[in-house]
Amino acid sequence: MDFNFQAMIQAIISSVRYLGTTLEISFVALVIGIVLGLAIALLRYYNVVVLSPVFQVLTTVFKGVPVVLIFLALYLFFSTGFDPMAKSMGWSIRFKQINPIWIAIICLGLMAVVNGTEIFRGAFSSVRKGQLDAAQSIGMTRMQTIRRVLLPQAVPVAVPVFGNLLINLIKASALCSMVGVVDIFSAATISGQQSYTFLEAYVGVALIYWAVVALIEQASRLLERGLTVHMRRAVA
Amino acid sequence: MIEAQIVGLKKRYGDNEILKGVSLNVERGEVVCIIGPSGSGKTTFLRCLNLLEEPDEGQYALGDTVRCDFSHIGNHERRDITRRTAMVFQSYELFANMTVLENVMEGLVTPRNVPKNQAKAIALEMLKKVGMLEKADMYPVQLSGGQQQRVAIARAMAIKPDLLLFDEPTSALDPELVGDVLTVMRQVADEGQTMIVVTHEMQFAREVADQVVFMSGGVVVESGSPQEIFDHPKEERTREFLSNFAISPLADQTVKERREPVLV
């Protein structure tokens, strides 16, 4: 079997144009994961009544389901259930007018929230609880303690793990083609279909994924180093 | 003059009553040492006094302003109590993300909105007192346990509490570091700071305390001057507990002399 380099390059060129879509979906999902994940992790950390157990159950439910299923279920819900619901609510928007990118973002966002919650919970547990007592004992409120003591110590622990999550989101974003979004993966598939050079197209798009992931890994490492520089024991 | 008065403090965890009505009067400038076997509720009692634990019942008067009943305590009183007390913990609990100086400034800057330069001046003064001035820019992880505890004392003193609470401040330290911390505590006591110390350092209690309280099983068994408790305990339980310790007797007149600060 011959490997057609020309076709591979062609696939890279045509799919790289959709890199923006892949990155947009992944980054927006990551931001959702960080914001909501932090909020839920804090609710659970401080054992807030009602909300804490509710989110614990939700986290467990979504953690146990493959992302593919979330994509399929959500797409099915939107394609069949959205219009009747919108009609009954009196909204003017219909399913056809929804950019499928939002369905993809919601799916990956769910995955990011579930992971983000767990990441923050892990990071919080690396902070000695006695420091919270200490903060309270000198008159700090809960919000002040979160801002001044908990987050400054938890964030450096969380950053590399979030880098990892971003990598996973980028790879999972290949599932977006299932809901009709054209990302780098489906663009490469389309390009491969045109000349029956599937292997070349897949290798080409893999190279793009590798390059992006390597960049993110490097960036997260630098960020981590910058954040923890003062917490390391001085070598002296 | 009474600085703090606690009457009938009770604390339960579920059905388990940890504190069964503890009362204590603390004079302004007095050093109270609480001794007793582990599990007797000493630490819980101390934590109740700055609301790290919520007591279920009891009255609490602190300084000139706080008068409250724990069974229906309001947010305003809660804030007053946490603001007028400070605590030194067994395992120091310095903020790992801040330098020594920032640790001491934090209680002034964040909850009390003291301007940074003013807070810094106070913090440096406190660090000087505990002999940690030259470590001001270091992080807790770079210090020994004894040094961390001295910083923790400075952090607690910086907010000028009416009542300074020590929860077994030397229990987590290597034996050779205990002396430094006790010396600093003596010095704090000599400056007239009102303090309650939960401790297993009987020698320290004997030499520094104005009042020694023996707690067991969630109640105050006996309290009095160090001489009364250590030399002439009235209760059998106190005698039994003290027989576990070798405490060198001191002549009465040397007690006060020993309180001279030894710190350079």
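Source: prediction; values computed, not measured. Chain letters run A, B, ... following the sequence lines, proteins first and then strands; every chain starts at 1.
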Can you find a heavy atom in the side chain of A:Val149 that is under 4.5 Å from one in the side chain of B:Glu106? no
Kindly indicate whether the side chain of A:Ser137, heavy atoms from C-beta on, has any atom under 4.5 Å from the side chain of B:Phe89.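 The answer is yes; the side chains approach within 4.5 Å.
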Most chain A-contacting option - heavy-atom pairs closer than 4.5 Å, from B:Arg79, B:Arg83, B:Met138, B:Arg47: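 The answer is B:Arg47.
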Which bit of B:Ile159 is near chain A, if near means a heavy-atom gap under 4.5 Å: side chain, backbone, both or neither? side chain
Which atoms of B:Leu165 come close to chain A, meaning under 4.5 Å heavy atom to heavy atom: side chain ones, backbone ones, both, or neither? neither
Shortest non-hydrogen separation from B:Thr110 to A:Arg147 and the atoms involved: CG2-NH2, 4.2 Å
Minimum heavy-atom distance between B:Pro111 and A:Gly139, given as atom pair plus value: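 B:Pro111 and A:Gly139 have their closest heavy atoms at CB-O, 3.2 Å.
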Which one of A:Arg148, A:Met140, A:Arg128 has the most heavy-atom pairs closer than 4.5 Å to chain B? A:Arg148
Taking A:Asp133's backbone N and O only, do any of them form a donor-acceptor pair with B:Glu93's side chain (distance below 3.5 Å, no angle check)? no
Expected output: side-chain B:Asn50 to main-chain A:Gln136 donor-acceptor under 3.5 Å: no
Hey, what do you get for CG (A:Leu132) to CZ (B:Phe95), rounding to the nearest 0.5 Å? 9.0 Å
